[in-house]
Amino acid sequence: MTLRSLTPLTPDQAEIQRLARDFAQNEIAPRAAAWDRDSYFEPALVRQMGDLGFLGMLVPEEHGGLGLDNLTYLIALEEIAAADASAAVLMSVHNSLPTQMILKYGSAEQRRRFLAPMARGEMLGAFALSESEAGSDAASLRAQAVRDGDAWILDGTKSWVTSGSHAGAILAMVRTDSPGMRRGARGISTFIITPDLPGFKVGKKEDKMGLRASPTVQLIFDRMRVPADRLVGEEGLGFVYAMQSLEHGRLGIAAQSVGIARHALQLSVAYASERRQFGHFIKEFEGVQFKLADMAARVHSARALLHAAAAAKDRGEAVAPHTSMAKLVASETAMWVTTQAIQIFGGNGFVKDYPVERLFRDAKVTEIYEGTSEIQRIVIGRALTQS
Ligand code: CAA
């Protein structure tokens, strides 16, 4: 038996949850193991998600989206993650980072040009902040833009870009200050990059431990000429936009983590109910029951914190340290719960014939990307101690 979530859902939220669960279980779950094995990204998935509205959940209807609230979006995202964490990160990054950045900081023309095709799944979004030498210390990034008449010339290499090889709109953070007068975090600006720009190249595809069906690539900007109207918002505010967007993105990663953890719990309960040792189903052993109880308590705690943060955000409240708390708790829950799941499965948890080893591999990155657990602790610690 799976314990129900205590979050009260409106009829619309329950309907979206059912739609996401049916889609995830019918269209994604049966193929997730093969996609992971082959490290295969399914382009049709983007179009299917777009058709269902899942790639424009937070985009207002006037721009072709569903115009839903954060809580509804995160409930749907948990369902996708409970089928395949790779599909979930595609949906999370797309909805939380590039579409939100264009919606909040983009010009009317940028919103008109990009949001509707992104919401329909015709144009996948990506977010390019990190570089090989600028990970947690994101403000130390070095990709450079230099103004040249009605355009900017961009040079540099961005790393760890989720969906970067298949994206039609990449929100890239690059320096626009001059090498002779650096302005730190205030010398960074955001541009909308499209793959048709001369000088744009997809670099190395990472061979990852988990999330293998989600392509993570380097993007190379080689004297790439970017029209001036691709600058998002104000010059010099790109780092602030990126940080504000990550506050949002981290809720998506928390939902992805809850979905992974919930899936591992469900598989563990089912396995413990059919596996017999010493003449008993292993679920009858207190040692296994205690593990399942702790797993369930942590999944529900993580979800409750996430939903509380989302609901507060939907009420228009500032939720910065709480989004980091939700991401921290949920990602560490996903790692812990998937580790317990492997222990319950024993040797069968250690081989690819059973799905829990994939969940364990997928869980790890949730403690790393969109800010490591250590970065979340820094954000929370600063909020607690700032005067
Ligand atoms: N909202 C608004 N402004 C913010 C902000 C926020 N949440 N966070 C910082 N800022 C502003 C600050 O106010 C400051 O502005 P001033 O210049 O006016 O003072 C400026 O940004 C610089 O801020 P800090 O001094 O706090 O910057 P820092 O260098 O100390 O870094 C950090 C802060 C929290 C450690 C930040 O660097 C960080 O979050 N690092 C992790 C980066 C990260 O999450 N990367 C993930 C990449 S995306 C990804 O994972 C790939 C994917 O596709 C899934």
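Everything numeric in this text was worked out from a predicted model, so none of it was measured. Values reported hereafter were calculated over all heavy atoms of this structure, with side chains retained and with hydrogens, waters and symmetry mates removed.
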State, without any angle test, whether Ser268 and Gln340 hold a side-chain donor-acceptor pair at a distance under 3.5 Å. no
Is it true that Glu317 and Lys313 make a salt bridge, defined as a side-chain N closer than 4.0 Å to a carboxylate O? no
Salt bridge or not between Glu42 and Arg31? Use side-chain N to carboxylate O under 4.0 Å. yes
Does Arg212 make a cation-pi contact with Trp35, if we ask for NZ or CZ under 6.0 Å from the ring centre and within 45° of the axis? no
Identify, with sequence neighbours excluded, every residue that meets salt bridge (charged side-chain N to carboxylate O under 4.0 Å, His left out) alongside Glu109. Arg112
Only residue of Val299, Leu359, Val258 satisfying side-chain contact (heavy atoms from CB on, under 4.5 Å) with His263 is Leu359
Any ion pair linking Glu274 and Lys283 (charged N to carboxylate O, less than 4.0 Å)? no
Lys104, NZ atom: more than 12 neighbouring heavy atoms under 6.0 Å: yes
Heavy-atom count check: over 12 atoms from other residues, nucleotides or ligands less than 6.0 Å from Gln25 CD? yes
pair Thr338-Val356: side-chain heavy atoms closer than 4.5 Å: no
Would a 4.5 Å heavy-atom cut-off, applied to side chains only, mark Ser86 and Asp36 as touching? no
Is Asp155 salt-bridged to Arg142, going by a charged N under 4.0 Å from an acidic O? no
N-O pairing of Glu370 and Lys327 below 4.0 Å: no
Rounded to the nearest 0.5 Å, what separation is found between the OG atom of Ser132 and the CH2 atom of Trp160? 9.5 Å
In terms of side-chain geometry, is the basic nitrogen of Asp22 or Arg18 positioned less than 4.0 Å from the acidic oxygen of its partner? yes
May I ask you to check if Arg230 and Phe191 form a cation-pi contact, with NZ or CZ under 6.0 angstrom from the six-membered ring centre and within 45° of the axis? no
Sequence neighbours excluded - ring pair (Phe, Tyr, Trp, His ring centres under 6.0 Å) pairs with any residue from residues 221-258: Tyr105-Tyr241
Set of residues satisfying side-chain contact (heavy atoms from CB on, under 4.5 Å) with respect to Gln218, sequence neighbours excluded: Thr157, Ser159, Lys204, Glu206
Other residues, nucleotides and ligands only: do more than 12 of their heavy atoms fall within 6.0 Å of CD on Glu284? yes
Are the charged groups of Arg21 and Glu79 less than 4.0 angstrom apart, N to O? yes
Using a strict threshold of under 4.0 Å (side-chain N to carboxylate O), is an ion pair present between Arg186 and Asp177? no
Under 6.0 Å from the CZ atom of Phe285, do we count more than 12 heavy atoms belonging to anything else shown? yes
Using a strict 4.0 Å threshold on nitrogen-to-oxygen distance, state whether Arg262 and Glu78 make a salt bridge. yes
Pair Lys364 + Glu367, salt bridge at N-O below 4.0 Å: yes
Give a yes or no on this: more than 12 heavy atoms of other residues, nucleotides or ligands lie within 6.0 Å of atom CZ of Arg183. no
Given side chains that start at C-beta, do those of Gln110 and Arg113 come closer than 4.5 Å, heavy atoms only? no
